[in-house]
2 protein chains.
Amino acid sequence: MSVGIRHDDLRRRNRAMVISAVRRAGQPSRTEIAATTGLSHSTISAISSDLIGEGILTESKASETVSLKRGRPQVGLSLNPEAAAVMTVVLSLNFLSVAVIDYAGQVIAEEQRRLDTLTMPRDELIGECLAIVRRRFEDPDLNVHSVARIAMGIQGITDSHSRAMLWSPITPQTDIAFADILEDEFGIPATMENDCNMMAVALRWRDPDRYRDDFIAILLSHGIGMGLVLKGELFTGTHSSGGELGHMIHRPGGALCRCGRRGCVEAYAGNYAIWRNAKQMGEDAEPVADVSDADMRALAALAREVDGPEREAYRKAGEALGFGLGNLFALIDPAPVAMVGVSAAAFDLIEPALREAIAQTAGGQHSKSISFDTEPNELPLIREGCAMRALTFVDQEIFAPGAQAKPGIVGKSVA
Amino acid sequence: MSVGIRHDDLRRRNRAMVISAVRRAGQPSRTEIAATTGLSHSTISAISSDLIGEGILTESKASETVSLKRGRPQVGLSLNPEAAAVMTVVLSLNFLSVAVIDYAGQVIAEEQRRLDTLTMPRDELIGECLAIVRRRFEDPDLNVHSVARIAMGIQGITDSHSRAMLWSPITPQTDIAFADILEDEFGIPATMENDCNMMAVALRWRDPDRYRDDFIAILLSHGIGMGLVLKGELFTGTHSSGGELGHMIHRPGGALCRCGRRGCVEAYAGNYAIWRNAKQMGEDAEPVADVSDADMRALAALAREVDGPEREAYRKAGEALGFGLGNLFALIDPAPVAMVGVSAAAFDLIEPALREAIAQTAGGQHSKSISFDTEPNELPLIREGCAMRALTFVDQEIFAPGAQAKPGIVGKSVA
DNA sequence: AGTATTTTTTCGGGGCTCGAAAAAATGGGG
DNA sequence: CCCCATTTTTTCGAGCCCCGAAAAAATACT
């Protein structure tokens with residue numbers, strides 16, 4: 001209950017809801033929209049008529065498949081792909097990619113590029129990001145004016161308002177306000193999103209049955225990241241993107257973590273930690289800079305074959321993840337988990353110790369019912385998440401604009 | 001964006017907001033309400049006229065103090081104490097209390113009672129709760145029909161819908177649907193709330209400057225509990241009340257906890273754990289049933305005097321709490337903390353080790369800026385929280401009723 | 001071709017909020 | 001003591017928005 005509902009907000013919200021219903025359902029008829037939104041047929045008729053007139057929706061002589069029903073056939077409504085476009089920029093270790101996506105969600109252009117993020121100076125890193133975006137704008141096939149939003153995703157910690165990267169493992173640079181930089185350069189609203197949060201957003205669109213209101217996406221890669229959806233909303237910290245599962249302390253004073261602290265979950269379960277344990281280098285050994293995906297796959301294969309230090313390394317990773325998850329479950333209760341990233345492909349080596357550890361925690365009372373799913377490739381998820389994030393912004397802020405909900409003075413009611 | 005906004009909802013929401021503004025401000029004029037809610041003067045005039053007509057608000061020839069301004073004097077609006085009443089029931093270890101509170105928030109009747117919760121059979125425990133409530137209803141001074149809501153608070157885990165106690169340290173009984181039991185018996189809507197959540201609600205009303213959108217209330221008592229407010233809303237788990245800071249694992253395989261597991265924060269920081277360490281009983285010693293508050297105060301006094309095992313026990317408690325809080329901060333970022341309960345009075349003994357531990361965690365980057373406040377007495381807070389909870393329900397559901405927001409089919413937008 | 005069925009649009013009614021103007025209530029000054 | 005300036009509150013007409021019912025449209029079935 002932040003602030004009074006003005007009369008104009010009403011139409012704005014209902015417009016946004018119709019758009020959202022279409023984006024979700026794909027090609028719903030007006031009647032279907034009325035059913036899912038709870039609004040009357042007349043209202044849906046009026047709003048969709050407006051939206052079609054504005055070029056946001058199109059009538060798509062739908063359901064050619066279904067002609068077996070009597071009565072006037074339904075007219076499917078769909079998003080007009082040309083209504084707008086958005087751009088996604090994903091920056092990860094030594095890798096930068098950009099994509100242009102139409103309003104209906106189809107990729108219409110993309111470019112990928114290798115670069116040495118770890119050693120690049122600040123200006124060069126920013127420059128590369130701007131350059132790759134600029135090249136898209138110079139593409140004669142692309143209608144520049146149609147790009148309505150840029151969503152950038154990065155491995156690392158961002159601020160809770162999606163404006164800046166605060167810290168990232170892919171570069172020694174800190175506090176780069178990418179969102180502002182992109183906005184200043186191109187004059188288009190932009191956001192800076194955390195990679196794991198975007199994974200969660202994408203999973204929700206991909207499989208809304210499994211990933212609905214409460215679930216967890218965990219990135220098992222060089223580091224350990226997490227995206228959390230609780231009560232249907234993306235969870236962020238009070239200042240940062242939050243959800244740093246990888247840096248919860250598993251063993252006080254324990255193994256040396258990449259972050260400089262000791263005993264973090266990541267110091268047992270990150271690729272570098274699994275590598276370090278498999279090579280029996282000791283817990284104080286400086287984390288290696290990067291272990292290739294191929295090396296990790298070879299390690300996993302070896303661990304499956306022989307019961308040696310490699311298998312033990314995965315066991316320790318599972319234990320650390322299990323206690324970390326168990327501590328998380330103590331706070332939020334158990335929820336479905338998606339394991340993403342190269343080590344998710346080795347989840348068979350991780351799972352036994354993980355479940356054993358969870359069973360020793362408060363969240364483990366129903367440990368057998370906690371379900372895990374795996375997805376080895378994180379980059380497509382991150383891009384999809386950024387795309388949906390940007391498109392949803394266009395849906396809500398551009399195509400359903402209105403008196404902005406000012407920060408409430410009354411404040412939400414907590415009692 | 002759960003479901004379409006019907007036209008009738010509009011007035012309902014704005015009514016609720018006016019009531020909320022009055023409850024918050026105490027005696028605001030119509031003009032003030034218009035300012036805080038952002039609604040127009042005409043709308044506020046119409047709504048408050050309705051509310052006065054219905055006996056919910058009263059005009060209170062306000063501000064007799066301020067007659068120095070020119071112009072028509074403001075008329076203060078205040079809650080009509082007789083508009084309704086609510087009842088709070090607080091069940092804690094060996095102690096049961098009930099209070100009747102008028103619509104303006106004043107206590108108009110109360111009763112307290114000692115009882116042996118640990119050994120009582122299920123029916124007797126329920127019976128005592130019903131009996132103490134029934135006696136309030138038989139009070140000839142009380143207008144029975146005015147009681148519109150009962151909020152019961154209990155030490156222990158409740159379900160996320162505030163219907164049942166799932167588990168509690170004060171009784172071996174589990175899964176008692178107190179909310180349903182009270183509703184069935186008295187025909188009045190009831191909820192079953194977690195004690196620490198109610199502490200958080202009360203703190204927010206007591207000191208909204210310090211405890212606004214993000215803060216943590218920690219109960220340091222026989223066990224360790226937590227109430228969490230994030231982004232202005234009470235945080236609960238997906239199934240239970242959640243927030244079990246006390247049962248996050250501090251040291252895998254460590255000290256024996258009351259819950260039967262090993263290494264929980266509580267197994268180092270609960271009263272019984274401090275006692276056990278102070279008496280050098282070993283970490284495997286069975287947790288004692290109850291340590292009196294007087295014993296704990298004596299222990300703290302001794303620890304302040306001599307650098308012996310007592311002081312070390314508090315140090316260990318601080319360390320466990322510090323790592324627990326640090327892990328929490330890794331997820332949500334730092335936030336102001338209120339320490340409540342008998343051991344909050346010994347926070348001077350706990351704080352150094354706590355800060356040292358936090359500094360070793362991801363959340364500890366700004367550990368010096370994390371502020372702690374202490375409040376030794378939890379029971380008044382729990383009762384106040386229950387009262388506000390119940391009153392807010394009356395504000396929103398009874399005095400601003402309307403088409404219930406059905407569970408949305410469309411679902412909230414996460415992207 | 002006519003009828004049944006289903007979807008979509010149209011139309012009138014009722015509510016709600018808003019802005020502007022009027023009314024109400026008080027202090028200050030001549 | 002009266003009148004004006006000032007501030008708060010109410011009144012009133014206009015403009016939107018949503019809803020329900022009925023009409024219109026579009027197709028399958030007979």
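Below, read A as the first sequence line, B as the second, and so on, with proteins coming before strands; counting in each chain starts at 1. These figures come from a predicted structure and were not determined experimentally.
When distances run from any side-chain atom of B:Ser45 to the nucleotides D:dA28, C:dT8, D:dT10, the shortest one goes to D:dT10. For A:Val75, taking side-chain heavy atoms from C-beta onward, the closest of the listed nucleotides C:dT17, D:dT9, C:dT8 is C:dT8. Closest contact between the side chain of B:Leu10 and the listed nucleotides D:dC18, C:dC16, D:dT9 involves C:dC16. Side-chain proximity of A:Arg11 to the nucleotides D:dC17, C:dT17, D:dT6 is greatest for D:dC17.
Contact check, B:Thr31 against D:dT9: a side-chain N or O comes under 4.0 Å of OP1 or OP2. Listed pair B:Asn14 / C:dC16 fails the phosphate criterion, with no side-chain N or O lying under 4.0 Å from OP1 or OP2. At the phosphate of C:dT9, OP1 or OP2 sits under 4.0 Å from a side-chain N or O atom of A:Arg30.
When rounded to the nearest whole Å, the span between CD1 of B:Ile33 and P of D:dT10 equals 11 Å. Whole-Å rounding puts the B:Leu39 CG to D:dT10 P distance at 15 Å. Straight-line distance from the CE atom of B:Met17 to the P atom of C:dT17: 10 Å, rounded to whole Å. Rounded to an integer number of Å, the gap from A:Asp50 CG to C:dT9 P is 11 Å. Protein atom CZ of A:Arg13 is 12 Å distant from nucleotide atom P of D:dC18, rounded to whole Å. Atom CD of A:Glu59 is separated from atom C1' of D:dA25 by 13 Å (rounded to the nearest Å). Per the geometry, CG belonging to A:Asp9 stands 13 Å off C1' belonging to C:dC18, to the nearest Å. Between A:Ile44 atom CD1 and C:dT10 atom C1' the separation is 16 Å, expressed in whole Å.
In summary, B:Asp50 and B:Arg11 engage in a salt bridge, as defined by a charged side-chain N under 4.0 Å from a carboxylate O.
For the pair A:Val86/A:Tyr103, no side-chain contact is recorded, criterion being any heavy-atom separation below 4.5 Å from C-beta on.
Of the two residues near DNA chain D, B:His41 and A:Ile47, the one whose nearest nucleotide lies more 5' is B:His41. When the nearest nucleotides of DNA chain C are assigned to B:Ser40 and B:Arg72 by heavy-atom distance, the more 5′-ward of the two goes with B:Ser40. Nearer the 5' end of DNA chain C, as judged by each residue's closest nucleotide, is the contact made by A:Gly71, out of A:Gly71 and A:Ser48.
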Exercise. Check the pair A:Ser60 / A:Thr58 against side chain to side chain donor-acceptor pair (under 3.5 Å), numbers first and verdict last.
Key: CA-CA 6 Å; A:Ser60 55; A:Thr58 50; 5.7 Å; no

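The cationic atom of B:Arg23 (NZ for Lys, CZ for Arg) does not lie both less than 6.0 Å from the six-membered ring centre of B:Trp205 and within 45° of the ring axis. Both tests pass for A:Arg149 against the ring of A:Phe393: distance under 6.0 Å to the centre and angle within 45° of the axis.
Residue contacts for B:Ser42: at a heavy-atom cut-off of 4.0 Å it reaches a base atom on one of the strands shown.
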